[in-house]
J.: 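This is the structure I want to talk about, given as structure tokens.
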Protein chains: 2
Amino acid sequence: MSESEGPARRVGRPRTAVLSHERILEAAFELADANGPEFSLASLARRLGVQPSALHHYFPTKAALIAAMRGQITLRLGTHGFDEQPWHEAILPWARASIEAFGRHPGLIAALATLPIDGEPESIADYERIVAAFERDGYPSDLIVPALVALESFIIGSALDGLTPPDNLRPVHEPERAPALLRTEAAARAAASAAGITPAQRTFEFGLRALVAGLRAIGETGGVPGGADPASASSREISG
Amino acid sequence: MSESEGPARRVGRPRTAVLSHERILEAAFELADANGPEFSLASLARRLGVQPSALHHYFPTKAALIAAMRGQITLRLGTHGFDEQPWHEAILPWARASIEAFGRHPGLIAALATLPIDGEPESIADYERIVAAFERDGYPSDLIVPALVALESFIIGSALDGLTPPDNLRPVHEPERAPALLRTEAAARAAASAAGITPAQRTFEFGLRALVAGLRAIGETGGVPGGADPASASSREISG
DNA sequence: ACCTGAACACCGTTCAAGT
DNA sequence: ACCTGAACACCGTTCAAGT
């Protein structure tokens, strides 16, 4: 609603530009913060008091705008001490900051998740910092990028999970057909409530620690428990 | 293209019904298999040789149709031996079948990811079977649902990752600014190639094993390495 | 009950025209 | 260069009308 009651502009180039990359990005974040999972150029144009077609002068497509938004989000993530701390410690606040950033923009999560990185400078710089920490700590070279991508996949999936209703897995319709689910869902909810956080937050923290612990264990032994190399083992089981 | 060249139907109720829930679902899966990440009721109606509005007679909304599709997918997942094997073994083929099913329907992944379960019978039955195996194996009650949701988040996130181009993280534009990423991405790609699988498949298998190993370790000790309880620890760190 | 066809309120994107 | 306004090709959904 920031500019919607402006005087109707005439056709032709305005004497001073009404739009800019910065103004558009600012309004885009306001829109993504305020609304639910709907994020359209049309609503963004309304908020800015311009016609939708004016936006294409600054961002050629909607995907380009969303890519720029992800660049901003990545910039704000910060460095989180990957230079001073081991990867498995610095990665925890980085992961928490990431899902918090996604959670602040529910209308963007699905779009961000499906958008390729495609050489985006901010994301590349972020990844480079993290990958360098893995290398410095002696993590196996061919497992560093998989470890990072697995973490990102977990974070994106958890962000999407955070969009679902809190009692999503509660068997409300036929509880007698899912007694174990009923019991354990209630136990998890009670534990989250006692800790003063939402079930989704508790699940994320638990899963994050589990994943990091597992990545450490496999990275240090050079393979999965049992001695098999993960790559060759996966090739056997996936192709079989 | 199955029915697009039918004779134009007249208005009014046809003598025998042209649509049914089964026919719609079948065509919907064909559409989701064939196309990329676009899945619309309009294109589905075209494929079925009907007007889009006819579909609402069987599924009130697009979300209802997608929910029914997820039910079908879950049914086809099968049981995967949760009754005979420990959870941490049965969960592996279950997770692989899940991501394979998602991968077969790229146009659905984002929609499925954001759709609440909302008491869907097939999903509830699937979860009940898995949760019961966790309970039987002595996993802490309040961590069972979080463990399952964390696994699902990883699977969904990995499915979305599978939609991105294979060289997504490759720093093509300014490789000199991301030497570690360039090195490790190449190493991961070479390892996947040597194993005869895609980088995304190798990442999934690696992350899956790491996550399951971590979930086992935390579940058996009753807390994260270091002795802190995950719930209270997360409450400290999230609220702080 | 089951479909067509028109209508409504949206989308993203392109492009000529105006200043 | 920077915007409007019209146009295009889409969406999902509702609803009257026809059989």
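To find a chain, count down the sequence lines: A is the first, B the second, and so on, and within it residues start at 1.
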J.: Please pick, from dG12(C), dG12(D), dC3(C), the nucleotide with the shortest atom-to-atom distance to any side-chain atom of Ser40(A).
T.: dG12(C)
J.: Taking 4.0 angstrom as the limit, do Glu100(A) and Arg96(A) come out as a salt bridge?
T.: no
J.: With a 4.0 Å cutoff (strictly under), does any side-chain N or O of Tyr58(B) reach OP1 or OP2 of dC3(C)?
T.: yes
J.: If we call it a pair only when both distances are under 3.5 Å in a Watson-Crick or G-U wobble match, what pairs with dC3(D)?
T.: none
J.: Using both distances under 3.5 Å as the test, list the Watson-Crick or G-U wobble partner of dA17(D), or none.
T.: none
J.: Would you mind reading off the distance between Leu55(A) atom CG and dG5(D) atom C1', rounded to a whole angstrom?
T.: 15 Å
J.: Give the ring-plane orientation class for Phe59(A) versus His21(A), where under 30° counts as parallel, over 60° as perpendicular and anything between as tilted.
T.: perpendicular
J.: Give Ala54(B) one of three labels, base, sugar-phosphate or nothing, depending on what nucleic acid heavy atoms sit under 4.0 Å from its own.
T.: base
J.: Whole-Å distance between dA1(D) P and His21(A) NE2?
T.: 14 Å
J.: Could you identify the nucleotide paired to dC10(D), looking across every strand shown and requiring Watson-Crick or G-U wobble geometry with both distances under 3.5 Å?
T.: none
J.: Determine: side-chain N/O of Arg46(B) to OP1/OP2 of dC11(D), distance under 4.0 Å, yes or no.
T.: yes
J.: Mind checking if Phe59(B) touches a base, just sugar-phosphate, or nothing, with heavy atoms under 4.0 Å?
T.: nothing
J.: Under 4.0 Å between a side-chain N or O of His57(B) and OP1 or OP2 of dC3(C)?
T.: no
J.: Across the strands shown, which category fits Arg15(B) at heavy-atom distances under 4.0 angstrom: base, sugar-phosphate, nothing?
T.: nothing
J.: Nearest whole Å is fine: how far is dT4(C) P from Arg10(B) CZ?
T.: 12 Å
J.: Under 30°, 30 to 60°, or over 60°: which ring-plane class applies to Trp87(B) and Phe134(B), parallel, tilted or perpendicular?
T.: parallel
J.: Identify, between Gly12(B) and Ala63(B), the residue whose nearest nucleotide on DNA chain D lies closer to the 5' end.
T.: Ala63(B)
J.: For DNA chain D, whose closest nucleotide is more 5', that of Gln51(A) or that of Leu41(B)?
T.: Gln51(A)
J.: Is any N or O donor-acceptor pair between the side chain of Ser53(B) and the base of dG5(C) shorter than 3.5 Å?
T.: yes
J.: Within 45 degrees of the ring normal and closer than 6.0 Å to the centroid, is that where the cationic atom of Arg47(A) sits relative to Phe39(A)?
T.: no
J.: So Leu112(A) and Met69(A), do their side chains get closer than 4.5 Å, heavy atoms only?
T.: no
